[in-house]
Undergrad: 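Take a look at the following structure, please.
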Amino acid sequence: MTLATNLGFPRIGARRELKEAVEAYWRGGLEPAELEIRAAEIRKRNWLLQRDEGLDQVSCGDFSLYDHVLDTAVMLGAVPSRYGWKAETVDLDTYFAMARGRAGNGRGAVPAMEMTKWFDTNYHFIVPEFEPDQRFRLASTKVVDEFAEARALGLDARPVLLGPVSFLLLGKSVENGPRPFSLLDGVLPVYEEVLRRLRAAGARWVQVDEPCLGLDLPDEAGAAYGRAYRRLSETAPDLNLLVASYFSELRENLETALALPVAGLHLDLTRGREDLRRIRGRVPDHLTLSMGVVDGRNVWRTDLAAALEILEPVMDELGGGRVMVAPSCSLLHTPVDLDLEKDLDSELRSWMAFARQKVGEVATLARALDGGREAVGDVLAENARAMEARAASERIHDPRVKERAGAVDEDLLRRARPYTERAPLQHAALGLPPLPTTTVGSFPQTSEIRRTRAAHRRGELGDEPYEAFLRGQVDEVVRFQEETGFDVLVHGEPERSDMVEYFAEQLHGFLATTNGWVQSYGSRCVKPPVILGDVRRPQPMSVELTSYAQSLTDRPVKGMLTGPVTMVQWSFVRDDQPRSETARQVALAIRDEVCDLEAAGLRAVQVDEPAFREGMPLRRADRDVYLRWAVEAFRIASSGVRDDTQIHTHMCYSEFNEILDTIAELDADVISLEASRSRMELLGAFAQFEYPSEVGPGVYDIHSPRIPPVDEMEDLILRAARAVPLERLWVNPDCGLKTRKWEEVRPALRNLVKAARRARKRLEAEKM
Ligand code: GLN
Ligand code: ZN
């Protein structure tokens, strides 16, 4: 029999029950035991729901109160010493302290562990930390306990572990700490112990995730993989280990994977079709293949016939006992249940699948392999009809959009003159002093703003009073900036709860879900819009409020838009055309908005691309292709303006060195970036590369409630001035101010302007 399996299921609960429970616990409103009970209820619901969809084997141990990488660190007893942990097992408070830090003034306060993106997803994990003399020991039996829990419900469950090699590769060593592979012998005994216990508890399969197998790996990695899995498979000879890699093709690591002495190998066949072609005809006899044909990274229904075309030949070759059907990766990255989308009409619904529906697809495919396509003939027929309808639907295919995107040529990608000739025109038009000051866009989103926006959304507040309210907010923000002495003003973004959602709601081709939450980190969930069809802008989106802001002042106001790469990166993207094509359509829509802002009298427009870097493919070899279309999309969006209109962009992270030349190719006139935390370190690279246009390295760390004093910011500006010529240097915060309070922002921005003025004086005096 062919097993219908899963690699992992969203843990947040269909109605974000986990968020509610965990946050209640943090507030002190739940006892530890109560939190455990609520968590167990969510696990149970998830398992039964998957069983009811027809899954033969559910995953367990993939559930987490915060993050599964943190859970793995805790299982291994890798608790950094600053948490003062000495007990036998890791208690909840230590666990959450690792995730979120411990508050307390002065002595009691302990910072959280670092968090970073999980491969190329928008999920964030807690980065394991290794100290000198790092020791490991079993400090949590969570995975074993959850296995027992599933068993007690009568389920065939497959425990999931993050594998030892990926775990070590994802971690970081503190200064003078050990190199990752030197720790392998330390972690393996703990893994062995866990496997023994799982075996004793009755487990037959254990899924060991090794997503790093899909990355460009250092040379020692192959040997580490071999050594690790030889030992693990010897520990529990009658336990079947399934090594799972996903998100990327195995490519040169395929031989390493095939040589592992394990019972099963999972392939992400939405991203690694070539791997499959390469192993056909030579799959070792002992190996079961888990075929990840259902895309775990999007919200689209699987084309079941196409999936069967992939599965059936493998089935013929290996036989049913050696094939498992699975999603491409854990379903953690999809929303839970499409059935909760009450507003969705039946046609759109028939094209989509969330985690629950994807589990159902896995089951259908397994039944079709065992019983032949006839066994699920009705489902296949209905699926084929939906696929055909989607491919032809006028709701999502717009010949005008396709034609316009197809006609993009060099002219659409270029400003008339190069930056060096544009700059003097812009500086004259904007009347800018040296070291001009500006902000990145948003101002504090007060509870009043949130409340009013929500009331308008619910229909309790009409359009007119809402718009009047927004104008009032803009009045305040503009007045503050004028009084404080900013040179380029913004309107403050009070109308936007989210920079992608705001535009997605106004563009054709995007769809907002009501309940399509996915976990971003810990209890934080996001609801990415869905790009379902050809994208076009039915009417201007931001022109009214931005030009209102400009009408209030003689100083230049900068229009504020979200760039095409970020729009695509933070949405669920359609799967029926290349991402590059979708980005191009979005870019054309943004281009029209940029031009309309200019026509309305705005002399500067910022096109934010905070997701530009995270869109980079995991493999170095794939990066150029991405960077080419990403640059193209940005340039389409931003190059429709006159030469005296200044184009800004913003990116909020500091690891630019690798892609500085690409950032230069964007041909933006000004880029603002995060720099205050790294004390301007990134500027060395800017200087060395001789970045051609203007830069505003952030001098105010907006991720902290701290108000930076004038001296400190002046010092940062002076440092920056050593790397960037004075004529090309701007002064601004690291990012938007929306998460900060006015009490912090007011003094911090006053200090910022003062610091810029002092630095101006000092640098000009030096020049004379
Ligand atoms: N303009 C946006 C803001 O200020 C930029 C946000 C971001 O970079 N993530 O909020
Ligand atoms: Zn930012």
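First listed ligand is number 1; within each ligand, the first listed atom is number 1.
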Undergrad: Hey, can you tell me if F119 and F247 have their rings parallel, tilted or perpendicular (30° and 60° cut-offs)?
TA: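 Taking F247 first and then F119, their aromatic rings sit tilted (interplane angle of 30° to 60°).
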Undergrad: Considering the heavy atoms of G736, write down every atom of ligand 1 situated less than 4.0 Å from one of them.
TA: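 Result: 3 (C), 4 (O), 10 (O).
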Undergrad: Atoms of ligand 1 less than 4.0 Å from C652 heavy atoms?
TA: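 Here the atoms of ligand 1 in question are 7 (C), 8 (O), 9 (N).
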Undergrad: Relative to the ring of W742, is the ring of F480 parallel (under 30°), tilted (30 to 60°) or perpendicular (over 60°)?
TA: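 It falls in the perpendicular class, over 60°.
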Undergrad: How are the rings of W26 and Y66 set relative to one another: parallel (under 30°), tilted (30 to 60°) or perpendicular (over 60°)?
TA: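 Geometry flag for Y66 against W26: tilted rings.
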Undergrad: N/O of E493 under 3.5 Å from N/O of ligand 1, yes or no?
TA: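 Yes, there is a polar N/O contact under 3.5 Å.
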Undergrad: Which residue supplies the protein heavy atom nearest to atom 5 (C) of ligand 1, what is that atom called, and how far is it?
TA: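 Checked against all protein heavy atoms, atom 5 (C) of ligand 1 sits closest to D608 OD2, 3.4 Å.
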Undergrad: Would you mind telling me if ligand 1 is within reach of the side chain of M560, the backbone, both or neither, using heavy atoms under 4.0 Å?
TA: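 Near ligand 1, M560 shows its side chain, while the N, CA, C and O stay back.
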Undergrad: Look at the aromatic rings of Y466 and F469 and report parallel, tilted or perpendicular, splitting at 30° and 60°.
TA: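 Y466 and F469: parallel rings.
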Undergrad: At what distance is the nearest protein heavy atom to atom 10 (O) of ligand 1, and which residue and atom is it?
TA: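 In this structure, atom 10 (O) of ligand 1 has S442 OG, 2.8 Å as its nearest protein heavy atom.
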Undergrad: Closest non-hydrogen protein atom to atom 6 (C) of ligand 1, residue and atom name please, with distance?
TA: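 Answer, as residue, atom name and distance: M499 SD, 3.5 Å.
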Undergrad: Can you tell me if CG on D661 sees more than 12 non-hydrogen neighbours from other groups inside 6.0 Å?
TA: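 More than 12 within 6.0 Å, yes.
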Undergrad: Among R728, R415, R642, exactly one meets salt bridge (charged side-chain N to carboxylate O under 4.0 Å, His left out) together with D669. Which residue is that?
TA: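 Option passing the salt bridge (charged side-chain N to carboxylate O under 4.0 Å, His left out) with D669: R415.
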Undergrad: Given atoms NE2 of H650 and SG of C735, what angle do they subtend at the Zn ion (ligand 2), to the nearest 10 degrees?
TA: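 Value returned, to the nearest 10°, is 120°.
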